[in-house]
Every structure is written in structure tokens, then in C-alpha cells.
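Model, not experiment: these values are computed from the prediction. Values below: every heavy atom of this structure, side chains too, minus hydrogens, waters and symmetry copies. The sequence lines fix the lettering, A, B, ..., with proteins before strands; numbering per chain opens at 1.
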There are 2 protein chains.
Amino acid sequence: MNKLRRVDDEPPFMTDSRAPLAQTTVTSLRVVEALDEHGRLGVTALAAELDLAKGTVHKHVTTLERLGYVVKEDREYRLGLGFLGVGVNSQRRLDVYRVGRGPTDRLSKATDTVASLMVAEHGRGRYAYRVPHGDEYELAHHEGDVLPLHATAGGKAILAYTPADRREEILESHGLPPMTEHTITDRDAFREELRSVRDTRTAYDREELLDGWHCVAAPITNEEGDAVAAVSVSAETEFGDASKRTQDVPGLVISTATAIENKLRSP
Amino acid sequence: MNKLRRVDDEPPFMTDSRAPLAQTTVTSLRVVEALDEHGRLGVTALAAELDLAKGTVHKHVTTLERLGYVVKEDREYRLGLGFLGVGVNSQRRLDVYRVGRGPTDRLSKATDTVASLMVAEHGRGRYAYRVPHGDEYELAHHEGDVLPLHATAGGKAILAYTPADRREEILESHGLPPMTEHTITDRDAFREELRSVRDTRTAYDREELLDGWHCVAAPITNEEGDAVAAVSVSAETEFGDASKRTQDVPGLVISTATAIENKLRSP
DNA sequence: GCCAACCGTTCACGATTCATGAACAAGCTT
DNA sequence: AAGCTTGTTCATGAATCGTGAACGGTTGGC
């Protein structure tokens with residue numbers, strides 16, 4: 001459901017820094033992520049999944065339960081809504097979310113598509129806000145989900161307006177893994193793509209993340225011109241083609257980004 | 001922002017069970033909750049807040065950062081959107097959320113108010129879904145927030161349709177702490193209130209949680225007649241009074257609850 | 001522009017407690 | 001009712017967690 005980067009993968013952005021981690025916390029969060037991925041699990045299944053002793057898993061899971069983050073149902077454990085509370089709070093604290101929500105809602109209505117706000121964390125993209133289009137409840141990605149920057153319109157918009165050294169650092173550590181057959185995987189082709197993003201202040205995703213889905217994005221920058229986020233719209237239609245319905249969409253995306261920028265820079 | 005129950009409080013629902021907890025995890029989550037509450041904090045401030053050594057806090061905070069849940073900005077740490085991703089997943093997995101979202105949206109539109117879905121966890125209420133009314137972005141409570149069952153319409157609806165032994169257990173462990181001057185704090189008066197909820201299958205909150213806010217709720221029950229959740233609407237108007245706009249609201253809430261029940265009981 | 005205070009970070013050590021595997025008890029299935 | 005499987009408990013050895021002090025970098029004040 002959310003497989004791109006998990007605790008048990010080697011975090012690629014920190015090959016150095018051999019400062020010892022809090023191992024118990026790592027294990028507890030591995031439990032959380034296993035429950036996040038599988039829904040409801042018993043102690044035995046969790047222990048098998050995480051390659052731990054049953055007793056160990058039991059201790060972690062009861063700890064999380066006592067803290068209110070896990071709920072025991074029958075003889076299984078599942079995540080409660082505790083992390084949702086924490087997550088919503090961190091979301092609401094984001095400036096881009098607070099001031100960008102209104103403009104993004106309006107963008108969604110005006111273009112009749114799914115509109116999103118994306119931010120970068122640890123060299124990866126995360127949706128800070130998504131407006132589901134109409135009653136289309138079941139999107140492939142949701143608020144808080146992680147996505148690779150190089151395969152999304154929002155991610156490209158952010159990378160294009162990120163200082164070169166940091167940008168290269170990200171490319172170096174995350175690479176350009178293919179998501180679909182349209183994903184740009186060549187380093188130089190991608191750098192060229194970013195250059196064209198800077199030309200028009202507009203980034204496109206042509207089924208590079210998800211087959212059948214197209215996106216347009218524009219960066220939201222700070223006073224220094226560096227991206228702090230990106231607005232985008234997604235649809236199962238190509239943008240910028242001849243059809244009149246999608247012709248002015250890029251322009252609306254850009255003006256939404258500008259509107260958010262202005263709101264961000266005035267208290 | 002979310003003060004009702006935190007890790008450092010004594011969890012009231014588990015006075016027994018002296019099974020030893022994973023202490024390191026407890027500390028890490030205390031760090032998370034401190035960041036959740038205060039936004040951005042440095043190591044020193046966190047250490048003071050939690051009464052820990054700076055070195056200890058540093059280890060926890062860097063662990064959480066390496067796992068992708070915390071972001072370092074300047075010389076401070078804040079929560080990233082990682083927990084939002086986990087939280088949204090647990091939300092989307094809830095049956096009540098999946099099938100109740102549509103009906104709740106329609107209820108909000110039909111009544112022109114804020115509509116919510118509440119579930120019970122550990123004897124406390126949590127919002128599983130909230131439809132912000134129009135552009136009224138700034139509500140006092142949000143999805144994932146914890147609320148006392150006895151001071152909310154949804155909570156009363158749930159308690160009224162909870163098996164008596166479990167209900168008494170909850171009352172025993174959580175008590176009836178006053179939230180406003182209208183909160184029912186007398187044990188017998190509250191039992192009487194629940195009885196009247198059962199009479200009409202409708203629960204009211206008359207400024208018992210938040211001054212100026214009224215709510216009506218109806219329980220969502222399973223085949224055994226026990227509550228699994230509650231639907232409610234909230235407004236700054238009294239319900240059931242003479243004004244025509246709010247007169248039929250309780251009826252709409254009940255029919256929404258019934259609609260969700262029916263959807264829940266058919267695959 | 002320098003100094004001092006403060007901050008985040010590191011480290012070695014002693015004490016805590018964490019993970020283990022096996023034994024126990026409680027359910028569900030047959 | 002037997003027999004499997006599950007969640008839970010427990011003692012023990014080993015890992016590591018928390019501490020306080022020291023380090024180096026940044027900042028703000030004089």
C-alpha cells in the first residue's frame with residue numbers, strides 16, 4: 001500500500017553517520033508498519049513477518065496498545081486512529097497546507113480534476129493535501145503517501161527549483177527507478193527534463209508514475225526561488241493537447257502556485 | 001491541541017496487567033507527542049520538556065529522523081508527514097469509514113452542517129471522519145482526535161448501545177470529567193441520559209463539550225445491536241427547536257445511520 | 001569583531017531492560 | 001473431548017539504553 005520506503009529498507013540518504021539508533025524504537029515502528037501494510041495481524045503472523053520471537057512482538061504490540069496506538073480485536077492487533085491524530089496535526093501545521101488548501105480546492109473545481117499539494121522530505125515526495133475529484137473516492141495515492149520525486153510532476157517541479165548540489169545529492173541517493181515504462185530513467189535525459197521544467201515553470205508527468213494517469217505541476221517557491229512545495233492536477237487525460245477542456249489547465253496550475261506563494265510570503 | 005490523553009498520563013483503562021512495557025518505545029512516542037504538541041523543538045527544549053538527558057533525546061530524535069518520521073530543519077526537529085501516511089491508511093481500512101463516507105457527505109450537504117463519524121477506542125471517542133462544513137476550515141476537532149465519550153453526542157450514542165458491563169467499565173475508568181459547565185458529571189444523571197438516548201435512538205450534546213456547539217448523533221450498530229460507531233452533525237444552533245431549518249435534522253441523522261448499517265451488513 | 005553563552009552532537013560507562021526460547025494457558029476446530 | 005494453534009508469561013544472558021560530561025559550531029550581545 002505504501003511500499004516505496006520502509007524501515008527495514010536501508011535508508012539511502014544516510015550511508016554515513018554511524019550514530020547508533022534506538023533499536024527498540026526501530027522494532028516498534030517495524031511492527032507499526034507491518035500492521036499498516038497488512039491491516040490486522042496476530043502475534044504469530046507478525047513474528048513471522050518480522051523475523052522476531054513471539055514474546056518480543058507481544059511486548060511491542062502491548063506497549064503500543066497501552067499507549068493508545070494499537071487496538072486489540074479478538075486475538076489480533078490492528079492500528080487504531082492514534083497516528084491519524086498525530087498525522088493530521090503535523091499536516092495542519094504545514095504552512096503550505098494551511099494557506100494552500102483553499103487555492104487547491106478552487107483549482108480542483110475549476111479544472112474538474114484531482115488537485116494535490118506535494119512537499120519533499122528526505123529526498124522523497126509526500127502528498128500534503130489531495131482533493132478527491134467529485135465522488136471519486138478511490139485514488140491510488142493519498143495524503144501522507146510517499147512517492148519518488150523523479151516520477152511525478154510535483155516532484156519534478158520541486159527538483160527543478162532545488163539548489164543544484166542538493167538536487168544531485170538526491171539523484172545520487174535515490175536514483176531513477178522505473179515506475180512504469182514511461183518513467184525517465186536516464187540521468188542526462190532527466191536533467192534535460194528539469195531544464196525544460198525551468199523554461200516554462202511547468203512540469204509534466206506522462207504516465208511516468210501510474211499507467212493511464214497524466215499530471216501537470218508548478219513549483220511553489222520561497223523568496224530565494226527554491227521550491228518548498230508543488231501544486232499539481234492529475235487526470236486520465238493528456239494535458240496540453242488539442243482538447244479545449246485541458247488546454248488552459250497548465251495556466252491555472254501556475255496561477256494557483258503563484259497565489260499560494262503570495263499568501264505564503266505575507267503573514 | 002490534543003490534550004485529553006497522552007503517553008505521560010497514566011492510562012486509566014489498565015490499572016492491572018503489570019506486564020513490562022518497551023520503555024524505549026514509550027520514550028520515543030513521548031518525543032513524538034511532544035513534537036506533535038509543540039510543533040518544532042530543539043534537543044534542549046525537548047529534553048527539558050520530557051525531563052531527559054540531551055543525549056537521550058538526540059538519539060530518539062535522530063532515530064525517528066532516519067526512519068522518515070521526523071524532519072530536521074535548521075537546528076530544530078519537527079514531525080514529517082510519515083504518520084499522516086500511516087494514519088490515513090488505518091482510517092481507510094476502517095469499514096465504517098469506507099462505507100460511511102458517502103452517506104456522511106450527503107448528510108452534511110442536506111443539513112448544511114459539519115457531519116462526523118466517531119468510533120470508540122480504549123473507552124474514548126475518536127473522529128474517524130469529518131466533513132468540514134463549506135469553507136469552514138477551522139474546526140476545533142479533527143479526524144483522529146480523541147474526545148471523551150460522555151461529553152459528545154456520538155459518544156453517548158455509542159455508550160447507550162454498548163453492553164452494560166463494558167459501559168460501566170468505561171464509566172469507572174474514565175469518569176465524567178467536566179468539559180464545559182453543561183457537561184453531565186453526575187453518574188446517575190448520565191445513566192438516565194443514556195436511557196433517553198435508547199428511547200429515541202438519538203443522542204444530543206447541548207454545549208457539553210464545547211461552548212456554543214450543539215450536536216445530534218445516532219448509533220451505528222451491528223447485528224447484535226451493539227454500537228460500532230456513530231454519525232453526528234454539529235452546529236452552532238440548537239437542534240430540535242422551533243426553527244424549521246433544524247427540525248428534521250435528527251431524522252436525517254438517524255436515516256444516515258441506518259443507511260450505513262445496511263451497507264455494513266451486506267458485503 | 002570578538003567573546004561568551006548556547007546549542008546540537010558525541011562518547012564511555014554502568015545499569016537497565018530488551019530479545020530469546022521454552023513453557024503455559026486459553027481458544028477454536030474437529 | 002482431544003489436539004492443534006494461538007496469545008501470554010517468564011528467567012536468563014546479552015545487548016543497548018540513558019546518563020553526564022566534554023566537544024565543536026553557531027549565534028547573539030557587547
Residue [X], side-chain heavy atoms: nucleotide from [options] that is nearest:
X: B:Thr24; options: D:dT6, D:dT27, D:dC17; value: D:dC17
X: B:Gln23; options: D:dG7, C:dC18, C:dC7; value: C:dC18
X: B:Arg75; options: D:dG7, C:dT9, D:dT27; value: D:dT27

Take the protein atom [atom1] of [X] and the nucleotide atom [atom2] of [N], then report the distance between them rounded to whole Å.
X: B:Lys72; N: C:dG8; atom1: NZ; atom2: P; result: 9 Å
X: A:Leu64; N: C:dC18; atom1: CG; atom2: P; result: 13 Å
X: B:Arg66; N: C:dT9; atom1: CZ; atom2: C1'; result: 14 Å
X: B:Glu73; N: C:dG8; atom1: CD; atom2: C1'; result: 16 Å
X: B:Leu29; N: D:dC17; atom1: CG; atom2: P; result: 15 Å
X: B:Leu21; N: D:dC17; atom1: CG; atom2: P; result: 16 Å

Review point. Relative to the 5' end of DNA chain C, which residue comes earlier, B:Ala22 or A:Asp74, by the nucleotide with the nearest heavy atom?
Key: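 The 5'-side residue here is B:Ala22.
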Review point. Is B:Arg195 positioned over the aromatic face of B:Phe190, cation under 6.0 angstrom from the ring centre and no more than 45 degrees off axis?
Key: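 Verdict for B:Phe190: no cation-pi partner in B:Arg195.
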Review point. Regarding A:Arg201 and the six-membered ring of A:Tyr161, is the cationic atom NZ or CZ under 6.0 Å from the ring centre and inside 45° of its axis?
Key: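 Relative to the ring axis of A:Tyr161, which defines the angle, A:Arg201 lies inside both limits.
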**Study point:** Upstream residue (5' side of DNA chain D) when A:Val43 and A:Thr25 are each assigned their closest nucleotide
**Key:**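 Looking at the nearest nucleotide for each, A:Val43 comes out on the 5' side.
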Review point. Can you tell if the side chain of A:Val32 reaches within under 4.5 Å of the side chain of A:Leu64, non-hydrogen atoms only?
Key: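 In short, these two side chains touch, coming nearer than 4.5 Å.
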Review point. Ignoring hydrogens and geometry, is there a side-chain-to-backbone donor-acceptor pair from B:Gln91 to B:Tyr129 under 3.5 Å?
Key: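 Answer holds: no.
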Check your understanding: Got a donor-acceptor contact below 3.5 angstrom from the A:His122 side chain to the B:Val70 backbone?
Key ->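 Indeed, once roles are kept as given, a pair shorter than 3.5 Å links the two residues.
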Exercise for review: Can you sort out the partners of A:Ala160 under side chain to side chain contact (heavy atoms under 4.5 Å, CB included), two or more places apart, ordered by chain and number?
Suggested key: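 For A:Ala160, the residues satisfying side chain to side chain contact (heavy atoms under 4.5 Å, CB included) (neighbours in sequence not counted) are A:Leu194, A:Val197, A:Arg198.
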Point to revise | B:Thr27 vs D:dC17: side-chain N/O to OP1/OP2 distance below 4.0 Å | key: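 So the side-chain polar atoms of B:Thr27 never come under 4.0 Å of the phosphate oxygens OP1 or OP2 of D:dC17.
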Check your understanding: Just to confirm, is there a sub-4.0 Å distance from OP1 or OP2 of C:dT9 to any side-chain nitrogen or oxygen of B:Tyr77?
Key ->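 Yes, B:Tyr77 has a side-chain N/O under 4.0 Å of OP1/OP2 on C:dT9.
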Exercise for review: List in chain and number order the residues that pass ring pair (Phe, Tyr, Trp, His ring centres under 6.0 Å) with A:Phe83, two or more places apart in sequence or in another chain; answer none if no residue qualifies.
Suggested key: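 Counting only residues at least two positions away or on another chain, A:Phe83 forms a ring pair (Phe, Tyr, Trp, His ring centres under 6.0 Å) with A:Tyr69, B:Phe83.
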Check your understanding: Contacts to DNA chain C from residues 45-61 of chain B, heavy-atom cutoff under 4.0 Å, which residues?
Key ->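 Contacting residues: B:Lys54, B:Gly55, B:His58.
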